[in-house]
Amino acid sequence: MLKGKHIILGITGGIAAYKSVSLLRLFVKAGAEVQVVITPSGKEFITPVTLSALSGKPVISEFFTANTGSWNSHVDLGLWADAMVIAPATASTLGKMAHGIVDNMLVTTYLSSKCPVFIAPAMDLDMFKHPSTAANLELLRSYGNHIIEPAAGELASHLIGKGRMEEPENIFAVLERFFSEKKTMEGKKVLITAGPTYEKIDPVRFIGNYSTGKMGYCIADEFVARGASVTIVSGPVSVKPKNQDVKVVSVESALEMRDAFMERFEGADIAVMCAAVADYRPEVVADRKIKREKDDIPVITLVKNPDIAAEAGRKKREDQILVGFALETDNAVANAQDKLARKNLDMIVLNSLSEQTGFGVDTNKVTVIERSGTSTTFDLKSKVEVAKDIVNLISEKA
Ligand code: C5P
């Protein structure tokens with residue numbers, strides 16, 4: 001997949017720079033053309049001689065080449081590249097990239113590049129944990145960069161924790177996967193709701209449900225794999241997206257989910273409503289833990305939550321696609337069709353409820369009903385595969 005691809009390999013000043021040699025070898029062996037750009041401190045860890053011998057090109061570090069005085073054009077380099085990989089990326093380089101501090105050739109090239117950028121951070125565990133690193137990574141992610149999370153293990157300091165640069169083979173695999181996937185959803189913005197909502201009764205109790213968010217997170221991963229930029233507005237779940245480019249906005253209650261979703265809906269091309277939103281919430285939330293009284297049984301009055309999908313259906317533009325989910329126990333197809341019309345959806349995914357489907361399990365069996373009346377029933381599959389089926393149908397309309 002990488003044969004003939006132009007790759008800029010950016011190396012910064014961290015111990016993990018020695019692993020960049022293996023990464024460079026893998027790229028070259030796969031037939032890619034690699035231009036190494038190294039920061040001044042990167043050269044303290046690994047010599048340009050090794051890197052230029054392996055890449056077959058002079059290594060670029062300065063704005064000018066010392067012996068000839070010629071200018072190294074970061075603009076040309078940025079346009080030449082099919083991908084830029086910064087491995088290792090130190091905390092300092094992450095900060096500079098996030099905030100546009102272009103004091104070396106590597107960061108300058110990054111700012112001039114138009115290609116996908118992959119960043120593999122590497123640093124000590126406390127530096128990685130620091131809120132400034134987390135904030136910089138979040139910013140870089142929001143600019144559309146692909147973050148290759150560091151692994152946990154023994155670090156150069158002999159401390160154990162998260163901060164080791166991902167292994168070269170795995171970084172190489174991320175690039176291979178990226179170039180092998182069809183980017184049919186490039187440029188599309190996808191908004192997904194997932195997980196349960198928790199409706200507070202008092203500071204320690206809530207009304208919730210068994211939704212784990214798995215289906216919504218699989219759909220998010222599938223859209224990202226096809227090049228879309230994806231945000232999940234997620235209720236409390238323990239799953240995480242596999243693809244680190246999925247942006248997660250965490251909420252707790254239906255009201256919070258509605259606000260976070262509606263704020264972003266106008267900017268979305270596609271919205272997929274997977275969340276199991278609580279239909280009701282307690283009218284009042286006790287500000288102190290409700291005490292067990294001897295004889296009195298507390299009465300909790302419920303009020304209706306907003307129907308987020310229906311609200312989106314009312315506000316939907318012609319060019320937006322709105323997909324809902326349904327879980328029905330009786331008259332499933334008729335009820336799902338009714339829901340599709342009532343909420344002004346373009347498509348509804350009908351889940352079946354059995355031991356192998358529904359909450360918490362890794363498999364699902366769905367029937368997708370479209371506004372035109374077309375209905376497609378799929379076999380029992382893993383949720384990852386179900387996500388592919390659903391995204392295939394959506395992409396026919398997008
Ligand atoms: O009406 P019902 O809850 O069965 O509708 C299910 C669909 O509507 C799902 O797509 C669900 O995410 C969405 N929904 C919502 N807000 C609610 C209730 C359901 O977005 N309050």
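Counting begins at 1 with the first residue of the sequence. In each ligand, atom 1 is the first atom listed, and ligand 1 is the first ligand listed.
Inclusion of A276 in the set of residues having an N or O under 3.5 Å from an N or O of ligand 1 is not warranted. Below 3.5 Å of separation, one finds an N or O of M273 facing an N or O of ligand 1. Note: no N/O pair closer than 3.5 Å links N305 and ligand 1 by distance alone.
The protein heavy atom nearest to atom 18 (C) of ligand 1 is V277 CB, 3.8 Å. With hydrogens left out, the protein atom closest to atom 14 (N) of ligand 1 is D307 OD1, 3.9 Å, a heavy atom. Shortest contact from atom 1 (O) of ligand 1 to any protein heavy atom: K343 NZ, 2.8 Å. Atom 4 (O) of ligand 1 has as its closest protein heavy atom K339 NZ, 2.4 Å. At the shortest separation from atom 9 (C) of ligand 1 among protein heavy atoms lies F325 O, 3.1 Å.
With A254, P306, A312 as candidates, the residue nearest to atom 21 (N) of ligand 1 on a non-hydrogen basis is P306. For atom 11 (C) of ligand 1, the choice among A309, G324, A275 with the nearest heavy atom turns out to be A275. Within the set T197, V272, I308, the minimum heavy-atom distance to atom 16 (N) of ligand 1 is found for I308.
The nearest pair of heavy atoms linking G4 to D82 is O-OD2, 4.3 Å. Scanning both residues, E370 and T376, for their nearest heavy atoms gives OE2-OG1, 4.4 Å.
With 3.5 Å as the limit, one finds no donor-acceptor pair spanning the side chains of T212 and Y217. The closest side-chain donor-acceptor pair between T93 and T90 falls under 3.5 angstrom.
In this structure, H6 contributes its side chain and E33 its backbone to no donor-acceptor pair below 3.5 Å. When atom types are taken as modelled, the side chain of R317 and the backbone of E266 share a donor-acceptor pair closer than 3.5 angstrom. D202 places a side-chain N or O within donor-acceptor distance of the main-chain N or O of I290, the cut-off being under 3.5 Å.
Ion pair K343/D307 flagged as a salt bridge, since at least one NZ, NE, NH1 or NH2 atom sits closer than 4.0 Å to an Asp/Glu carboxylate oxygen.
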